[in-house]
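In this text, all values refer to a predicted model and were calculated from it rather than measured experimentally.
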Amino acid sequence: MIKLIARRTLLAAALALPAFCALAAPLTMGFSQVGAESEWRTANSASIKAAAKEAGITLKFADAQQKQENQVKAIRSYIAQKVDVIAFSPVVESGWDTVLKEAQKAGIPVILTDRAVKVSDPSLYVTFIGSDFVEEGRKAARWLLERAAKTPGAALNIVELQGTVGSAPAIDRKKGFEEVIKSNPKLQIIRSQSGEFTRAKGKEVMESFLKQRDKKIDVLYAHNDDMAIGAIQAIEEAGLKPGQDIVIISIDGVRGAFEAMKAGKLNVTVECNPLLGPQLMQLAKDVVAKKPVEKRITVNEGVFPAEVAAKELPNRKY
């Protein structure tokens, strides 16, 4: 009788084992990253990888190298591999309907990180976690308005280094900035061109701006710190003093920007926090568990003028 009970106990345990293993199986996330174009993006990728490991999530990570077709290919690969959840930072806003419909048909939830998309059906993605890029542009412009108020009536010629053409941060940071500066007709954007969010391209475009001597440049507004840092080099090579001869405003708040501010070469940076990893992993778990989540999750961020750079620099984590 004892042997029979023991056998039944072992049999019940054996039958329960597959179900237990299924419950204990780690969640698998397929993540497609824009690329590695800046300090911000490098920090963002590192945060995601570290957080996935900490959360016990199996991460399949792909670098799109700034190409939408690479992201579409990666997402289709994740669908074929039947991952539990797909997350990605879209290179550009449009052109995602087809592949996201494929993910939806496969029953795989999609989370947008850092950048938004424009789709015909909002149900094609579950949620978006990231910064408010329009508000970042507004913050940059408000800082400039306050500075301009110190010399009432003075006209300021602004050149703009835009991010990747068609990307959400480039579109929104331009929109927010222009929305605020229009309140002062003395502030005019005289030239605007994409620097592709990279230092090399930011330097190249700034060199081009400086060669056009029809109008004096008073202010540079760069959509990210890396382009601003590239532009600083161009300004110095032209025999000018960045931060003095040309006021420089940028966005991201990376360590390199704080070092430039400490050196007196950059005037202000608007924070865009890349350390989204822990929030993303918890969000992925909630989404897979079918818990209710907000459609739009915004990160809290600040504005850092040069005056606080030396104090804040030791605190920067990226």
- Query: Does Arg138 pair with Glu135 as a salt bridge, N-O distance under 4.0 Å?
  - Reply: yes
For this session: Start with the C-alpha distance between Glu301 and Ser131, add both sets of side-chain angles, then the distance that settles side-chain hydrogen bond (donor to acceptor under 3.5 Å, both in side chains), and finish with yes or no.
Result: CA-CA 8 Å; Glu301 296 155 338; Ser131 302; 2.5 Å; yes
Given side-chain hydrogen bond (donor to acceptor under 3.5 Å, both in side chains), test Asp132 with Thr298 step by step and report yes or no.
CA-CA 6 Å; Asp132 185 335; Thr298 305; 5.6 Å; no
- NZ/Lys291: more than 12 non-hydrogen atoms of other groups inside 6.0 Å: no
ask   = Leu144 versus Ile158: any side-chain heavy-atom pair under 4.5 Å?
value = yes
The remaining residues in the hydrophobic cluster of Trp40, counting side-chain heavy-atom contacts under 4.5 Å among Ile, Leu, Val, Met, Phe, Trp and Tyr, are Val254, Leu275, Tyr318
> What do you reckon, is CD of Gln81 surrounded by more than 12 foreign heavy atoms closer than 6.0 Å?
Replying inline: yes
Output for pair (Glu294 CD, Asp286 CG), nearest 0.5 Å, gives 11.5 Å
Quiz item: CG of Asn300: more than 12 outside heavy atoms within 6.0 angstrom?
Solution: no
Hey, does Asp226 have a side-chain heavy atom less than 4.5 Å from the side chain of Phe197? no
Answer yes or no for Arg316 and Phe304: cation-pi contact, defined as NZ/CZ to six-membered ring centre under 6.0 Å and angle to ring axis within 45°.
yes
* Answer yes or no: does atom NZ of Lys265 have more than 12 heavy-atom neighbours from other residues, nucleotides or ligands under 6.0 Å? => no
Parallel, tilted or perpendicular: which describes the rings of Phe177 and Tyr221, with under 30° parallel and over 60° perpendicular?
parallel
Regarding Arg173 and Asp252, does a basic nitrogen lie under 4.0 Å from an acidic carboxylate oxygen? yes
Notebook entry, point to check: Would you call Asp114 and Arg41 a salt bridge, taking side-chain N to carboxylate O under 4.0 Å as the test?
Noted result: yes
To the nearest 0.5 Å, atom CD of Glu160 lies from atom CD1 of Ile249 at 11.0 Å
**Asked** Between Ile246 and Met206, is any pair of side-chain heavy atoms under 4.5 Å apart?
**Response** yes
Partner of Phe88 under ring-ring contact (aromatic ring centres under 6.0 Å, His included), picked from Trp96, Phe128, Tyr125, Phe61, is Trp96
So CD of Glu136 and OG of Ser250: to nearest 0.5 Å the spacing works out to 11.0 Å
>> Could you check whether any side-chain heavy atom of Glu102 comes within less than 4.5 Å of a side-chain heavy atom of Arg76, counting everything from C-beta outward?
In response: yes
